[in-house]
S.K.: 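Got a structure for you, written out below as structure tokens; questions coming shortly.
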Amino acid sequence: MQYLVSVIVDTASLATPDEMAAIDAFNDRLEAEGHWVFAGGLAAPSSATVIDNRGEEAMFTDGPFLESKEYLAGFWIIEAADLDVALKLAAEGSKHCNRKVEVRPFL
């Protein structure tokens, strides 16, 4: 089963060099143990464009969909046998990146 592990940030600061090294080591471990599917970091919410094409013409709006103190800064997509394994891996990922994470299964 695959899970989305979202990295949640509540500060404007980027990961420190030590945090990046810990994230890289965690990524290597995920890959070595067969849990790795994909991961990536995201630019700040201010770089977002919201597109709404539900009407007659697409509307493009600069900035995030929601104004919030917390935002999605990155993610892992992992393979895990069950939710317990995914939660354990996510807890380790939270420790390595020094950020909160949210775990959600893919349907």
Side-chain angles (χ1 to χ4, degrees):
M1 181 149 207
Q2 292 185 340
Y3 296 85
L4 172 66
V5 180
S6 302
V7 178
I8 302 165
V9 173
D10 59 4
T11 66
S13 62
L14 298 174
T16 66
D18 287 344
E19 289 168 343
M20 285 305 302
I23 293 166
D24 289 342
F26 181 65
N27 289 345
D28 290 344
R29 182 173 152 237
L30 287 175
E31 191 169 2
E33 293 178 3
H35 298 292
W36 175 270
V37 176
F38 183 78
L42 299 172
S46 60
S47 68
T49 302
V50 177
I51 304 160
D52 185 350
N53 196 17
R54 295 176 292 173
E56 293 183 26
E57 190 173 317
M59 293 176 46
F60 296 80
T61 308
D62 290 338
F65 175 67
L66 296 173
E67 295 291 335
S68 174
K69 183 180 115 179
E70 297 180 327
Y71 63 92
L72 181 64
F75 61 90
W76 285 281
I77 299 174
I78 61 170
E79 237 357 282
D82 56 39
L83 180 59
D84 290 337
V85 173
L87 293 175
K88 183 179 180 218
L89 291 168
E92 293 175 28
S94 173
K95 181 67 117 177
H96 282 81
C97 71
N98 196 31
R99 309 276 189 288
K100 293 190 292 186
V101 301
E102 175 187 85
V103 178
R104 294 174 68 184
F106 280 91
L107 298 176

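Starting from 1, each residue takes its place in the sequence as its number.
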S.K.: Output all residues satisfying side-chain hydrogen bond (donor to acceptor under 3.5 Å, both in side chains) with Glu70, sequence neighbours left out; order by chain, then residue number.
M.R.: Lys100
S.K.: Tell me every residue that passes ring pair (Phe, Tyr, Trp, His ring centres under 6.0 Å) with Phe26, counting only those two or more places apart in sequence or in another chain.
M.R.: Trp76, His96
S.K.: If you round to the nearest 0.5 Å, how far is CD1 of Ile77 from CG of Leu30?
M.R.: 12.5 Å
S.K.: Does Ile51 sit in a hydrophobic cluster with other residues, and if so which ones, taking ILVMFWY side chains as linked at heavy-atom separations under 4.5 Å, directly or through other members?
M.R.: Phe60
S.K.: Looking at residues at least two apart in the chain, or sitting in another chain, which of them share a ring pair (Phe, Tyr, Trp, His ring centres under 6.0 Å) with Phe38?
M.R.: Phe75
S.K.: Which pairs pass side-chain hydrogen bond (donor to acceptor under 3.5 Å, both in side chains) with one or both residues in residues 37-52, sequence neighbours excluded?
M.R.: Asp52-Arg54
S.K.: How far does CD of Glu102 sit from CG of Leu4, to the nearest 0.5 angstrom?
M.R.: 7.5 Å
S.K.: For residues Val5 and Ile78, determine if any side-chain heavy atom of one lies less than 4.5 Å from a side-chain heavy atom of the other.
M.R.: yes
S.K.: Which residues pass the side chain to side chain contact (heavy atoms under 4.5 Å, CB included) test with Leu14, sequence neighbours left out?
M.R.: none
S.K.: May I ask whether Val37 and Phe106 are part of the same hydrophobic cluster, defined by side-chain heavy atoms of I, L, V, M, F, W, Y residues being less than 4.5 angstrom apart, directly or through others?
M.R.: yes
S.K.: In chain order, what residues pass the side chain to side chain contact (heavy atoms under 4.5 Å, CB included) check against Ser94, with sequence neighbours excluded?
M.R.: Val101
S.K.: Which residue pairs satisfy the salt bridge (Lys or Arg N to Asp or Glu O under 4.0 Å) criterion with at least one member in residues 7-18, sequence neighbours excluded?
M.R.: none
S.K.: Going by the rule side-chain hydrogen bond (donor to acceptor under 3.5 Å, both in side chains), which residues pair with Asp24 if we only count those two or more places apart in sequence or in a different chain?
M.R.: none
S.K.: Indicate every side-chain donor-acceptor pair of residues 79-92 with a distance under 3.5 Å to a residue at least two apart or in another chain.
M.R.:
unit_1	atom_1	unit_2	atom_2	d
Glu79	OE1	Met1	N	3.4
Glu79	OE2	Gln2	NE2	2.9
Asp82	OD1	Asp84	N	3.1
Asp82	OD1	Val85	N	3.0
Glu92	OE1	Arg29	NH1	2.1
Glu92	OE1	Arg29	NH2	3.0

S.K.: Which atom names give the shortest non-hydrogen contact between Val9 and Ala73, and what distance separates them?
M.R.: CG2-CB, 3.2 Å
S.K.: Rounded to the nearest 0.5 Å, how far apart are CD1 of Ile23 and CG of Asp28?
M.R.: 12.0 Å
S.K.: Out of curiosity, does Tyr3 fall in the hydrophobic cluster containing Leu72 (side-chain heavy atoms, cut-off under 4.5 Å, transitive links)?
M.R.: no
